[in-house]
Every structure is written in C-alpha cells, then in structure tokens.
Amino acid sequence: MQFYYYKKGKEQKFAEGVGSHDKKEKDINVVINCGNGGGEEESAAFRAVNGDVQTYGTPDEFVKVLFQVEQFDIGNVYNANTSTFVPTEDGIYFVGGTVTFFPNDSTIPYRARVEIRVNGVSVAADNDFFNNIESFPYVNAINTSTVLQLQAGDLVEVFLTSTAPGIIDRNVSGISTRFEASKF
C-alpha cells in the first residue's frame with residue numbers, strides 16, 4: 001500500500017521499490033468544484049428490504065412488493081410505509097429491484113416477472129421461467145434495474161406477477177428481496 005503525504009510535517013511513506021516523491025514546496029490544496037456554478041448538490045439514495053414474508057395468492061395478478069425495512073435513506077426519498085421511492089429533485093437515477101420468489105409447488109413450471117414502475121407505468125422488467133425445480137439448489141431471485149430521468153414527486157415502485165401462487169421471501173443472508181436507488 002502506498003501513502004503520499006503532501007503536507008509539511010508529515011513523514012512520507014512509499015511502497016517498497018517506489019522512488020522518492022519529495023515535496024518540499026508549499027502545501028498543495030485541491031479544490032473540487034462540481035455542479036451548477038459550484039453550488040452543492042444534495043445526494044439522494046436509499047436501500048430497503050422486505051422484512052416479512054409476503055403471500056402471493058392469485059396467479060397472473062400484479063402485486064406491489066413491500067420493502068418495510070430501510071437500511072439507509074439519504075435525502076429522505078423513501079417511504080417504508082408505502083414502499084415508494086419519491087425523488088425530491090429532478091435528475092438521473094439508478095433504480096433497482098430484486099424479488100426472491102418461491103412457488104407453493106416447485107414441480108409445476110411457472111413464470112415470475114418483476115417490474116419497476118414510475119407513476120404506474122412499467123419502465124423496466126425481468127421475466128424468469130422455471131420448469132420442474134424440485135431439486136433445484138438455487139432460489140428464484142428476479143432482478144431488474146435501470147437508469148431513469150425522474151422528476152421530483154414521481155412515484156417509483158416494484159411489482160411482481162407470477163403464473164403460480166407462492167411467497168415473496170423476506171431479505172435474509174443468501175436470499176435478497178430489496179429495492180434501491182441513487183442519484184447521479
């Protein structure tokens with residue numbers, strides 16, 4: 001590991017075999033000026049997970065996936081009571097949703113689909129199809145993600161549909177049911 005100190009009074013350390021980078025001049029100040037006119041932009045990001053098993057009962061109907069447990073919420077953009085991401089400012093956002101689904105009968109072929117919706121309109125989706133997975137050693141974690149240009153106040157949610165009844169599993173080690181977003 002290399003350490004380079006450019007402030008007076010600090011001992012310079014270098015990785016083995018690296019030559020000297022002696023800095024005897026004045027202190028070096030680095031100024032980073034981002035955004036419009038140098039103003040600060042507020043960050044916005046969240047990650048929430050499903051804390052309880054959610055029953056999926058009626059095949060081929062969409063249900064809103066619940067993510068009741070906030071792991072973090074920078075900018076107060078996520079409502080855990082409604083499982084809805086609501087950006088507070090216009091911008092470009094990464095949005096992702098992963099749902100772990102277990103059918104009631106894993107011997108019957110089924111399809112599961114996860115959608116990210118903005119104001120009720122599907123903007124990203126993924127379909128998984130499984131056929132006779134009785135001895136299948138993996139879980140069905142359906143993931144979709146996208147980069148979106150969102151407006152302040154948009155409602156962003158995750159929905160699931162399946163051709164088989166089953167459960168949306170809670171988030172535990174090795175099984176992920178999560179919803180996340182961050183602003184660029």
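Looking at heavy atoms from C-beta onward, T177 lies in side-chain contact with F67 at the 4.5 angstrom threshold. The shortest side-chain heavy-atom distance between I116 and V156 falls under the 4.5 Å cut-off. Taking 4.5 Å as the limit, some side-chain heavy atom of F85 sits within range of a side-chain heavy atom of F46. Inter-residue side-chain proximity for E180 and Q71 is flagged as unmet; no heavy-atom pair is nearer than 4.5 Å. Residues L160 and I168 have side chains in contact (heavy-atom distance under 4.5 Å, counting atoms from C-beta outward). Counting heavy atoms from C-beta outward, V158 and V114 have side chains that approach closer than 4.5 Å. Side chains of F159 and V63 form no contact here, defined as non-hydrogen atoms less than 4.5 Å apart. Counting heavy atoms from C-beta outward, N127 and F129 have side chains that stay 4.5 Å or more apart.
Considering OH of Y93 and CG of L148, their distance stands at 11.0 Å, rounded to 0.5 Å. Here F184 contributes atom CZ and S43 contributes atom OG; the two are 12.5 Å apart, rounded to the nearest 0.5 Å.
Pairs of residues two or more places apart, or lying in two chains, that qualify as side-chain hydrogen bond (donor to acceptor under 3.5 Å, both in side chains) and include a residue from residues 48-63 are Y56-T161. Screening residues 141-153 for side-chain hydrogen bond (donor to acceptor under 3.5 Å, both in side chains) gives T98-N143 as the qualifying pairs, with residues at least two apart or on separate chains.
Cluster partners of L66: none. The rule joins Ile, Leu, Val, Met, Phe, Trp and Tyr whenever side-chain heavy atoms lie under 4.5 Å apart, and it links nothing here. Under a 4.5 Å side-chain heavy-atom cut-off, the cluster of Ile, Leu, Val, Met, Phe, Trp and Tyr residues that includes V86 is completed by L155.
Linking Ile, Leu, Val, Met, Phe, Trp and Tyr whenever their side-chain heavy atoms come within less than 4.5 Å leaves V69 and V77 in two separate clusters. Under the 4.5 Å side-chain contact rule for hydrophobic residues, F101 and F62 do not share a cluster. Hydrophobic cluster membership is shared by V118 and Y78, with clusters built from Ile, Leu, Val, Met, Phe, Trp and Tyr side chains linked at under 4.5 angstrom.
For K64 and T82, the side-chain atoms include no donor-acceptor pair closer than 3.5 Å.
Partner of V99 under the side chain to side chain contact (heavy atoms under 4.5 Å, CB included) criterion, chosen from V65, D128, D126, N140: V65.
Contact between S176 and N171 at its shortest, heavy atoms only, is CA-OD1, 3.2 Å. The two residues Y110 and S162 have their closest heavy-atom pair at CD1-OG, 3.7 Å. Nearest heavy-atom pair across P165 and G57 is CB-O, 3.6 Å.
The salt bridge (charged side-chain N to carboxylate O under 4.0 Å, His left out) search around E115 returns R113, R117, not counting sequence neighbours. N119 meets the side chain to side chain donor-acceptor pair (under 3.5 Å) test with D154; sequence neighbours excluded.
The pair E70-R47 does not count as a salt bridge, with every side-chain nitrogen at least 4.0 angstrom from each carboxylate oxygen.
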